[in-house]
Amino acid sequence: MGRSIDYGNLMHEAMRGLIRKVLTDVADKGLPGSHHFFITFDTSHPDAELADWLSDRYPGEMTVVMQHWYDKLDVGTEGFAVTLNFGDAPEPLYIPYDAIKTFVDPSVEFGLRFETQDGEADDGIGSTTTTMPVSAPEVLPAPKAVQPKADSDTKGGESQEADVVSLDSFRK
């Protein structure tokens with residue numbers, strides 16, 4: 001058949017670029033309004049950098065929250081660095097964009113989920129990721145590794161979750 005358009009990788013690049021653009025804006029101007037992020041990433045990704053005690057505690061994946069306290073947000077072309085507070089212990093992290101599994105801003109019900117294509121291992125190395133859903137929006141569950149404060153994740157007493165759009169219906 002020859003050459004074909006790799007829509008999965010093109011969407012992968014576009015959505016990672018969207019995350020980079022959002023984080024660049026936040027690094028320059030701060031988080032606007034009630035925006036905040038739940039970012040789940042693969043802690044075993046070869047380029048991820050985090051304290052040994054964090055990688056021991058979260059050997060597969062970890063969800064971090066960027067909301068009230070974060071410092072030294074430095075956004076690069078391959079990933080971003082940020083210092084977050086873990087139980088009154090500030091810890092620097094480096095998260096490659098390729099290590100991100102979900103990116104959610106519950107304040108506006110926006111979320112992206114990156115998954116490996118069928119039949120590939122989810123090891124973060126050499127696997128092709130795509131964004132999820134367009135045909136049937138899917139609600140991401142609340143993050144499990146880091147829980148937000150009660151007053152920051154509710155609106156009118158109800159928990160807010162993000163809709164995620166799948167592009168699976170466009171794959172052959």
Side-chain angles (χ1 to χ4, degrees), residues 8-51 54-55 57-58 60-87 89-116 122 124-125 127-134 137-149 151-153 155 160-167:
N9 276 328
L10 291 171
M11 283 304 302
H12 162 84
E13 291 174 25
M15 295 300 100
R16 303 283 187 204
L18 181 142
I19 293 171
R20 182 175 54 246
K21 187 170 184 169
V22 166
L23 291 175
T24 298
D25 184 65
V26 169
D28 293 342
K29 301 173 189 166
L31 278 167
S34 62
H35 288 276
H36 58 286
F37 311 129
F38 295 121
I39 303 169
T40 301
F41 69 100
D42 178 0
T43 57
S44 64
H45 188 283
D47 296 326
E49 297 175 14
L50 60 159
L54 285 172
S55 60
R57 186 168 179 185
Y58 303 102
E61 69 180 35
M62 179 169 65
T63 299
V64 294
V65 178
M66 283 183 58
Q67 186 173 14
H68 300 295
W69 192 97
Y70 62 90
D71 196 23
K72 300 177 185 168
L73 177 58
D74 182 27
V75 181
T77 58
E78 300 297 319
F80 66 97
V82 65
T83 299
L84 296 174
N85 193 7
F86 295 91
E91 289 288 347
L93 302 171
Y94 176 76
I95 302 172
Y97 300 120
D98 284 343
I100 296 174
K101 292 184 172 191
T102 63
F103 179 91
V104 178
D105 183 345
S107 70
V108 292
E109 298 183 13
F110 175 81
L112 298 172
R113 179 188 313 232
F114 298 90
E115 293 186 352
T116 59
D122 189 12
I125 304 170
S127 58
T128 303
T129 57
T130 58
T131 54
M132 285 283 298
V134 161
E138 176 184 10
V139 176
L140 287 176
K144 54 189 167 193
V146 178
Q147 295 299 321
K149 294 181 181 180
D151 63 350
S152 67
D153 70 341
K155 185 175 183 180
Q160 297 293 306
E161 296 180 346
D163 288 335
V164 180
V165 181
S166 174
L167 300 173

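Nothing fancy with the numbering, it's 1 onward along the sequence.
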Any [X] side-chain heavy atom under 4.5 Å of [Y] side chain:
X	Y	answer
Leu50	Thr43	yes
Phe80	Leu73	yes
Trp69	Thr83	yes
Leu31	Tyr70	yes
Lys21	Val75	no
His35	Val26	no

Would you compute the distance between atom [atom1] of [X] and atom [atom2] of [Y] and round it to the nearest 0.5 angstrom?
X	Y	atom1	atom2	value
Phe41	Phe114	CZ	CZ	15.0 Å
Ile100	Arg113	CD1	CZ	14.5 Å
Ile19	Ile95	CD1	CD1	10.5 Å
Ser34	Gln67	OG	CD	8.5 Å
Lys72	Asp74	NZ	CG	11.0 Å
Glu13	Asp98	CD	CG	9.5 Å

For the pair Glu78 and Asp47, evaluate side chain to side chain contact (heavy atoms under 4.5 Å, CB included) and give the outcome as yes or no after the intermediate values. CA-CA 10 Å; Glu78 300 297 319; Asp47 296 326; over 6 Å; no
With side-chain contact (heavy atoms from CB on, under 4.5 Å) as the test, pick out the partner of Leu84 among Val65, Asp71, Val64, Ile39. Val64
Phe103/Met15 under side chain to side chain contact (heavy atoms under 4.5 Å, CB included): CA gap, chis, key distance, verdict: CA-CA 10 Å; Phe103 179 91; Met15 295 300 100; over 6 Å; no
Are Thr102 and Phe37 close enough, and set up right, to give a side chain to side chain contact (heavy atoms under 4.5 Å, CB included), and what steps lead you there? CA-CA 10 Å; Thr102 63; Phe37 311 129; over 6 Å; no
Ala51 and Glu91 have their tightest heavy-atom pair at CB-OE1, 3.4 Å
Tyr97 and Gly79 have their tightest heavy-atom pair at CE1-N, 3.1 Å
Walk me through it: do Leu93 and Phe86 pass the test side chain to side chain contact (heavy atoms under 4.5 Å, CB included)? CA-CA 11 Å; Leu93 302 171; Phe86 295 91; 4.1 Å; yes
